[in-house]
Amino acid sequence: MPCSSIFRMMGRMNEHKKSLRIRDIFQLEPKNQEVPVQGWIRTRRESKQNIFFEINDGSTLKGIQVVVDKENYGDLSSLESANNGAAVEVQGTLVASPGKNQRSELLAKPEGIHVVGDSPQENYPLQKKRHSFEFLREIAHLRPRTNTLGAVSRVRNTMSFAIHRFFQERGFQYIHTPIITASDAEGAGEMFQVTTLPISDLAKSGKSPDYQQDFFGRPSFLTVSGQLEAEIYALSMKNVYTFGPTFRAENSNTSRHLAEFWMIEPEMAFCDIDCNMDVAEDFIKFILKTTLEEREEDMNFFNQWIEKGILDSLQRVSESTFHRITYTEAIKALEDSGAKFDYPVSWGMDLQSEHEKYLTEVVYKGPVMVTDYPKEIKAFYMKLNDDEKTVGALDVLVPRLGEIIGGSQREHRKDVLIRRIQEMDLDPEDYWWYIDLRTYGTVPHSGFGLGFERVIQYVTGMQNIRDVIPFPRTVNSAEF
RNA sequence: UCCCCUGUAGCUCAGUCGGUAGAGCGGGUGGCUGUUAACCACUAGGUCGGCGGUUCGAGUCCGUCCGGGGGAGCCA
């Protein structure tokens with residue numbers, strides 16, 4: 001181990017004098033040194049001479065084996081409550097393990113195991129076997145103690161930091177865009193209303209609400225996107241990104257939707273659609289590589305138990321060059337394929353998920369970036385192309401998941417922007433500050449958004465989005 | 001929101017033609033073993049999601065409500 005790691009580890013030890021994390025202990029050469037451990041018991045097995053515990057503290061997938069030598073331990077009755085789920089502190093010595101499945105293990109010192117909090121076995125819900133994810137969702141307060149949810153949690157943490165690192169290393173500023181917005185015209189889906197008006201009383205009285213009496217003096221909502229605000233900062237900081245919670249009140253109950261999710265939205269000034277694609281491609285590859293490198297144990301677990309072959313698949317994508325095609329070329333490729341689709345292909349339609357999958361999995365066998373969609377099926381703020389028919393939209397499609405990124409070059413020409421707002425039957429007055437940015441120092445700029453949980457699903461292979469966020473909020477579900 | 005599936009022991013499920021309930025795991029007890037999803041034996045554990053209907057009789061058939069899952073749409 002390099003000196004720097006040892007110093008870091010000693011630093012951690014001094015901060016938390018009582019124990020090392022199990023991840024750090026596994027890095028040590030076993031030579032009978034004293035090592036304290038704090039964690040929760042995953043399994044207990046007993047033999048004639050020994051009791052074996054596996055202790056997990058969340059720092060690794062596999063816990064450390066603690067061995068009790070029954071003859072020399074002393075009072076064994078204190079271990080009666082050392083059962084699955086119990087919190088324990090262990091004083092032991094680190095020794096090489098004669099067993100097959102671990103390099104080192106902890107030999108408990110006499111009376112060296114202290115049960116801090118016991119765990120009655122009659123009703124402890126977590127058993128030493130596979131549980132359904134549906135069941136685990138009902139015990140979201142205990143599910144991070146399982147192998148899968150623990151691995152998801154560590155991968156999620158690593159990916160969060162990889163995302164920040166990607167942008168920070170490239171000089172992007174992290175911008176905190178507002179959670180509450182008074183604009184209901186962002187057009188990205190149903191919004192949750194935020195109010196301090198006494199709605200129960202209003203309902204009884206039958207009166208309609210007077211929003212001038214509401215907290216902000218006007219209707220307000222939870223944000224569905226930080227993009228418009230991110231554009232403000234991009235037009236002064238050049239490169240910025242947001243990474244925060246986002247809310248959609250859609251009544252959709254699927255394995256890919258949440259009412260509350262985390263979204264990443266970079267926004268770059270002096271950046272056209274090609275520049276946008278460069279950043280998006282580098283971004284995806286960076287996250288994949290970092291996760292594969294830094295979470296090897298967890299990723300092997302997903303590869304074995306959740307989605308066979310996912311390691312190879314992610315590795316390939318992280319080293320590939322993404323295909324770049326226009327919407328028009330995509331439509332032609334689908335038409336020429338001769339494949340039968342539930343939704344027939346024609347220019348002007350939006351690509352359905354079956355089409356996206358066909359493009360990535362059959363036609364190009366890898367990630368595809370599709371640009372220049374018909375203006376009718378995209379938002380008003382996307383830059384109108386010279387053909388007046390298409391806009392500078394960008395979708396990044398990957399095998400297995402489909403669309404992972406949606407973005408565009410933004411319309412930076414004031415007159416065109418106003419015209420597009422009017423064409424969409426929106427009121428330019430509502431966007432006065434957005435238009436103002438096109439009056440003072442406007443510049444071509446671009447950005448994209450991606451749902452953090454979707455990316456975690458893609459990387460882990462987890463089927464249901466509710467299992468990659470600690471506390472999922474969906475229709476009729478906000479327990480915990 | 002639409003379509004399909006599903007609800008039986010703490011968990012995962014079986015339950016035939018309508019005749020008052022079964023397995024594995026988990027729990028408890030005992031045994032065996034440097035064990036590792038440990039193993040073996042015994043044992044306890046059920047208002048079959050709720051309500052209503054058909055029937056001599058409903059876990060089983062019908063209606064309805066509630067919960068869960070999958071797919072679609074929409075999206076991230």
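Predicted, not measured: the structure shown is a model, and the values here were computed from it.
Base pairing annotation: B:A14 forms no Watson-Crick or G-U wobble pair, as no partner gives both donor-acceptor distances under 3.5 Å.
Checking B:C11, B:U35, B:U12 against every side-chain atom of A:Phe52, the shortest atom distance belongs to B:U35. Proximity note for A:Asn101 (side chain, C-beta onward) versus B:A37, B:G28, B:A72: the nearest is B:A37. Taking every side-chain heavy atom of A:Gln127 into account, B:G10 is the closest of B:G10, B:G34, B:C75. Set against B:G34, B:G71, B:A72, the side chain of A:Ser47 has B:G34 as its closest nucleotide. Between B:C11, B:A37, B:C74, one nucleotide has an atom nearer to the side chain of A:His257 than all others, and that is B:C74. Checked against B:G70, B:G69, B:C75, the side chain of A:Asp350 finds its nearest nucleotide in B:C75. Of the candidate nucleotides B:G34, B:G73, B:C75, B:G73 has the atom nearest to the side chain of A:Gln352.
Anti is the classification of B:U55, since its glycosidic angle lies more than 90° from 0.
Rounded to the nearest Å, the gap between the P atom of B:G46 and that of B:A23 is 15 Å. Between B:C42 and B:A58, the distance separating the two C1' atoms is 35 Å to the nearest Å. Taking atom C1' in both B:C39 and B:G26, the straight-line distance is 16 Å, to the nearest Å. The gap from the C1' atom of B:U29 to that of B:G67 amounts to 37 Å, rounded to the nearest Å. Rounded to whole Å, the P atom of B:G10 lies 32 Å from the corresponding atom of B:U54. Remark: the separation of the C1' atoms in B:U55 and B:G19 is 12 Å, to the nearest Å. The C1' atoms of B:G27 and B:C2 are separated by 44 Å, rounded to the nearest whole Å.
Regarding contacts with the backbone of B:A38, a side-chain N or O of A:Arg45 is found under 4.0 angstrom from either OP1 or OP2. Remark: A:Ser353 is in phosphate contact with B:G73, judged by side-chain N or O atoms under 4.0 Å from OP1 or OP2. Phosphate proximity of B:U35 to A:Arg44: absent, as no side-chain N or O sits under 4.0 Å from OP1 or OP2. Regarding contacts with the backbone of B:G69, a side-chain N or O of A:Arg466 is found under 4.0 angstrom from either OP1 or OP2. Within the 4.0 Å cut-off from OP1 or OP2 of B:U36, not a single side-chain nitrogen or oxygen of A:Thr43 is found.
Look at A:Asp278 and A:Arg324 and you find a salt bridge, because one of the NZ, NE, NH1 or NH2 atoms lies within 4.0 Å of a carboxylate O, short of that distance.
A cation-pi arrangement, defined by a distance under 6.0 Å to the six-membered ring centre and an angle within 45 degrees of its axis, is present between A:Arg170 and A:Phe166.
Donor-acceptor pairing under 3.5 Å is lacking for the side chains of A:Arg256 and A:Asn464.
Residues A:Asn464 and A:Gly449 each lie close to RNA chain B; by heavy-atom proximity, the contact nearer the 5' end of the strand is made by A:Asn464.
No more than 12 heavy atoms of other residues, nucleotides or ligands shown are found within 6.0 angstrom of CH2 on A:Trp305.
Among the heavy atoms of the strands lying under 4.0 Å from A:Leu258 is at least one base atom, whether or not backbone atoms are also near.
Side-chain atoms of A:Ser78 come within 3.5 Å of backbone N or O of A:Asp75 as a donor-acceptor pair.
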